[in-house]
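Protein chains get the first letters and strands the later ones, always in sequence-line order, with residue 1 at the start of each. In this text the structure is predicted, and so the values were computed from the model without any measurement. Side-chain atoms are counted along with the backbone in the values below, which use heavy atoms only and exclude waters and symmetry mates.
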Amino acid sequence: MVEYSSPNTNKPLHLGHVRNNLLGYSVSELLKANGAEVFKVNLVNDRGIHICKSMLAWQKWSNGETPESAGIKGDHLVGKYYVIFDKEYKKEIDALKEAGQTEEEAKKNAALIKEAQAMLLAWEHGDPEVKELWSKMNGWVYDGFAVSYKNLGVDFDKYYYESNTYLLGKDTVEEGLAKGVFFKKEDGSVWIDLTEDGLDQKLVLRADGTSVYITQDLGTAQMKYDDYKMDESIYVVGNEQDYHFKVLFLILQKLGKTWATGLHHLSYGMVDLPNGKMKSREGTVVDADDLVKEMIETAKQKTEALGKINDFSEEEKETLYHNIGLGALKYFLLKVEPKKRLLFDPAESIDFQGNTGPFIQYTHARIKSLLTKAGYSAVTTTADLSISKTELEMIMLLAKYPGEIAIAAKGFSPASLANYLYEVAKMFNKFYHEVPPIIKEEDTEMRQLRLNLSAVVANILKAGMRLLGITVPERM
RNA sequence: GCACCCAUAGCUCAGCUGGAUAGAGCAACGGUUUUCUAAACCGUCGGUCACAGGUUCGAAUCCUGUUGGGUGUACCA
């Protein structure tokens, strides 16, 4: 099982989510290619104080605005009110600070946050009005996410919702107490002592008996296992949660869950901008939808400038721009080792030349064009031919393809495969340039051999790129 | 304080379980098209692999320490 994406339903997706989505999708495909049966799941964080903030702001300031009436994608509309909440909240904090309160006091005492907390409580008590608003706004967000996911080309076999799982885990806590893995403090809170493992004491249940994050995850892990009985489960989550997952997995092991040994945290680094981290509230985020749109637009401009596809229909053109734009974006994000942080400079748009997605796509298109012009059909050559150094090196490189998939799958890392595919494409271009025109080759055996080689390259590029979630065009 | 991650060319990154003169792309400069797509190819320039020790016949790679950057360490998620 691969769990990825896992968005909050209070704002649209940004570049960080894009990295997560592409990684999760690609790792799933890699595992499939390596022989596993894979389930892709999305654990949606659809409840909590952050959702209530958007809801409250919408209630107060929207005049009943909807995605339809505003002509805004649902997730963006909800995100807009999340930002408005934060702005108004800050105003209140400033006012309270001027009245002499400390920052901390002001944050707690602001009327807005109290209202949001009251709303969360009402939600938990099943208040019909709050629940209805919650369903409505989450619905908008899901419609928006569906579009983003479709554009990114990612999908899921199953969705889990925190509104259904946030109460889980209490049984697990009971189990842990019974087994003596957990202990209860005087105030009734439940803890586990991990100091012998070099970690800390960790709370697993509040004194008032309610769940915390890890309680919920313990329960969800159990539920997912009960649902699928998978022997491996991968969580694609950013590296700021390394500690959380270390603790989670350790607790499950101590509880004697044999399946806990199959749990992995695919930890990836933050996406940084040149001026530092992305912050949703400060508007310094690269929006996923905007980014995709820009990539497609860039692909369009570059393609039109080259003028090679003037005979394409409008629909074919749109498809091509989409494939190239997303190919550039996906390759850019996937070629870097997941655990490394990634720098994205919006000013320097993603390249289309050199070690890039479009370069590999171009190589594929070029080969397909060659094969078409040559009237290629796959026939094995039998003659004893002498081949060039480049041809030999290329054959050696191509032979490594199955091994590369295994390496990438075992390491949960598309990066090595991405770089391998680049090597293959580069090698082909070198070969293609060195060798005299293949179509005009008079030695039919040699001609066939070179076409066969080219065809193998095209197949590997196509299959390999597919594992990265990238479509290679026939022409570009 | 403690824990985890990262540090390789001006910039962005490769470098598998230690193996020969450390590789790409971008940027800069120069060249290649009457030949199968120039989103390509070839060349020049550019590195004390953060620093200091250690292990080893051999270290960018393993160990220790130092420095720098990031993250975490909530009865938030």
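The distance from atom CD of Glu240(A) to atom C1' of rG70(B) is 11 Å, rounded to the nearest whole Å. When rounded to the nearest whole Å, the span between CG of Leu334(A) and P of rA14(B) equals 12 Å. One atom, OH of Tyr420(A), and another, C1' of rG15(B), lie 17 Å apart when rounded to the nearest Å. In this structure, Tyr166(A) places its OH atom 20 Å from P of rC75(B), rounding to the nearest Å. rU37(B) atom C1' lies 11 Å from atom CZ of Phe428(A), rounded to whole Å. In this structure, the CE atom of Met295(A) is 17 Å from the P atom of rA39(B), given to the nearest Å. Following rounding to the nearest Å, Arg47(A) (CZ) and rA77(B) (P) show an atom-to-atom distance of 7 Å. Rounded to whole Å, the distance from CG on Asp351(A) to C1' on rA24(B) is 13 Å.
Distance check on atom C1': rG23(B) versus rU8(B) gives 10 Å, rounded to whole Å. Between rC63(B) and rG19(B), the two P atoms lie 15 Å apart (nearest whole Å). Across the C1' atoms, rA7(B) and rA60(B) are found 11 Å apart, a figure rounded to whole Å. To the nearest whole angstrom, the two P atoms, one in rU66(B) and one in rC5(B), are 16 Å apart. Taking the P atoms as reference points, rC41(B) lies 42 Å from rG72(B), given to the whole Å. Across rU55(B) and rG65(B), the matching C1' atoms stand 15 Å from one another, rounded to whole Å.
In this model, the phosphate group of rA77(B) is approached by a side-chain N or O of Arg206(A) to a distance below 4.0 Å at OP1 or OP2. Between rA14(B) and Lys340(A), a contact under 4.0 Å exists linking OP1 or OP2 to a side-chain N or O. The side chain of Ser369(A) contributes an N or O atom lying less than 4.0 Å from OP1 or OP2 of rU37(B). At rC16(B), none of the side-chain N or O atoms of Lys400(A) fall inside 4.0 Å of OP1 or OP2 (strictly under the cut-off).
Across all strands shown, rC57(B) pairs with rG19(B); the Watson-Crick or G-U wobble distances both stay below 3.5 Å. Under the Watson-Crick or G-U wobble criterion, with both distances below 3.5 Å, rC51(B) is paired with rG65(B). The base-pairing partner of rA27(B), taking Watson-Crick or G-U wobble contacts with both distances under 3.5 Å, does not exist among the strands shown. A 3.5 Å limit on both hydrogen-bonding distances identifies rG1(B) as the Watson-Crick or G-U partner of rU73(B). In this structure rA14(B) sits in no base pair that meets the Watson-Crick or G-U test at under 3.5 Å. Nucleotide rA40(B) has rU32(B) as its partner under the Watson-Crick or G-U criteria, with both atom distances under 3.5 Å.
A distance below 6.0 Å separates the ring centres of Phe428(A) and Phe431(A).
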- Its contact letters, B for base, S for sugar-phosphate only and - for none at protein heavy atoms under 4.0 Å, make nucleotides 18-23 of chain B read ------
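Ring pair Tyr235(A)/Phe249(A) is tilted by interplanar angle, where 30° to 60° counts as tilted. Note: Tyr4(A) and Phe156(A) have tilted aromatic rings, judged against thresholds of 30 and 60 degrees for the angle between ring planes.
Candidate nucleotides rA3(B), rA40(B), rA77(B) were compared by shortest atom distance to the side chain of Gln241(A), and rA77(B) ranks first. In the set rA77(B), rC36(B), rC75(B), the nucleotide with an atom closest to the side chain of Ile439(A) is rC36(B). You'll find that the side chain of Ser189(A) is closest to rC75(B), out of rC36(B), rC75(B), rC41(B). Of the candidate nucleotides rA39(B), rA3(B), rA14(B), rA39(B) has the atom lying nearest to any side-chain atom of Met476(A). Listed nucleotides rA38(B), rC75(B), rA39(B) differ in distance to Arg366(A); the shortest reach to its side chain belongs to rA38(B). Minimum atom distance to the side chain of Val435(A) is reached by rC36(B), of the listed rA39(B), rA14(B), rC36(B). Between rA77(B), rC5(B), rA40(B), one nucleotide has an atom nearer to the side chain of Asn45(A) than all others, and that is rA77(B). The listed nucleotides are rC75(B), rU12(B), rA77(B); the one nearest the side chain of Leu203(A) is rC75(B). Taking only side-chain atoms of Leu370(A), from C-beta outward, the nucleotide of rC36(B), rA38(B), rA40(B) with the closest atom is rC36(B). Nearest nucleotide to the side chain of Pro437(A), out of rC75(B), rU35(B), rA14(B): rU35(B).
Side-chain contact, Asn419(A) with Glu423(A): no donor N or O sits under 3.5 Å from an acceptor N or O. With 3.5 Å as the limit, one finds a donor-acceptor pair spanning the side chains of Glu391(A) and Ser388(A). No hydrogens or angles considered: nothing links the side chains of Thr195(A) and Gln201(A) as a donor-acceptor pair under 3.5 Å. A donor-acceptor pair shorter than 3.5 Å cannot be found between the side chains of Gln353(A) and Tyr362(A).
At a threshold of 4.0 angstrom between heavy atoms, the contacts of Leu343(A) are confined to the sugar-phosphate backbone, with no base atom among them. In this structure, Tyr422(A) reaches the sugar-phosphate backbone alone: every heavy-atom distance under 4.0 Å involves primed, P, OP1 or OP2 atoms, never a base. If you check every strand for non-hydrogen atoms under 4.0 Å, Ile324(A) touches a base. Nucleic acid contact class of Phe352(A) (heavy atoms, under 4.0 Å, all strands): base. Within 4.0 Å of Glu162(A), counting heavy atoms only, lie sugar-phosphate atoms of the nucleic acid but no base atom. Nucleic acid contact class of Thr356(A) (heavy atoms, under 4.0 Å, all strands): none. Lys308(A) comes within contact range of at least one nucleobase, with a heavy-atom separation under 4.0 Å. At a threshold of 4.0 angstrom between heavy atoms, the contacts of Ala415(A) with the nucleic acid are absent.
The base of rU35(B) is not paired with the side chain of Lys440(A) by any donor and acceptor separated by under 3.5 Å. One cannot find a donor-acceptor pair under 3.5 Å joining the base of rA39(B) and the side-chain atoms of Thr363(A).
Here Asn239(A) pairs with nothing under the side-chain hydrogen bond (donor to acceptor under 3.5 Å, both in side chains) rule; sequence neighbours left out.
Evaluated for a side-chain contact (heavy atoms from CB on, under 4.5 Å) with Leu326(A), the options Ile470(A), Leu22(A), Ile296(A) yield exactly one hit, Ile296(A).
The aromatic ring of Tyr243(A) does not sit over the base of rC4(B); the criterion of centres under 5.5 Å apart with planes under 30° is not met.
Note that Lys202(A) lies outside the cation-pi zone of Trp191(A), set by a 6.0 Å cut-off to the ring centre and a 45° limit from the axis. Remark: Lys185(A) is not positioned above the aromatic ring of Phe183(A), lacking an NZ or CZ atom under 6.0 angstrom from the ring centre and at most 45 degrees off the axis. Taking the centre and axis of the six-membered ring of Phe312(A), the NZ or CZ atom of Arg475(A) falls outside the cone set by 45° and 6.0 Å.
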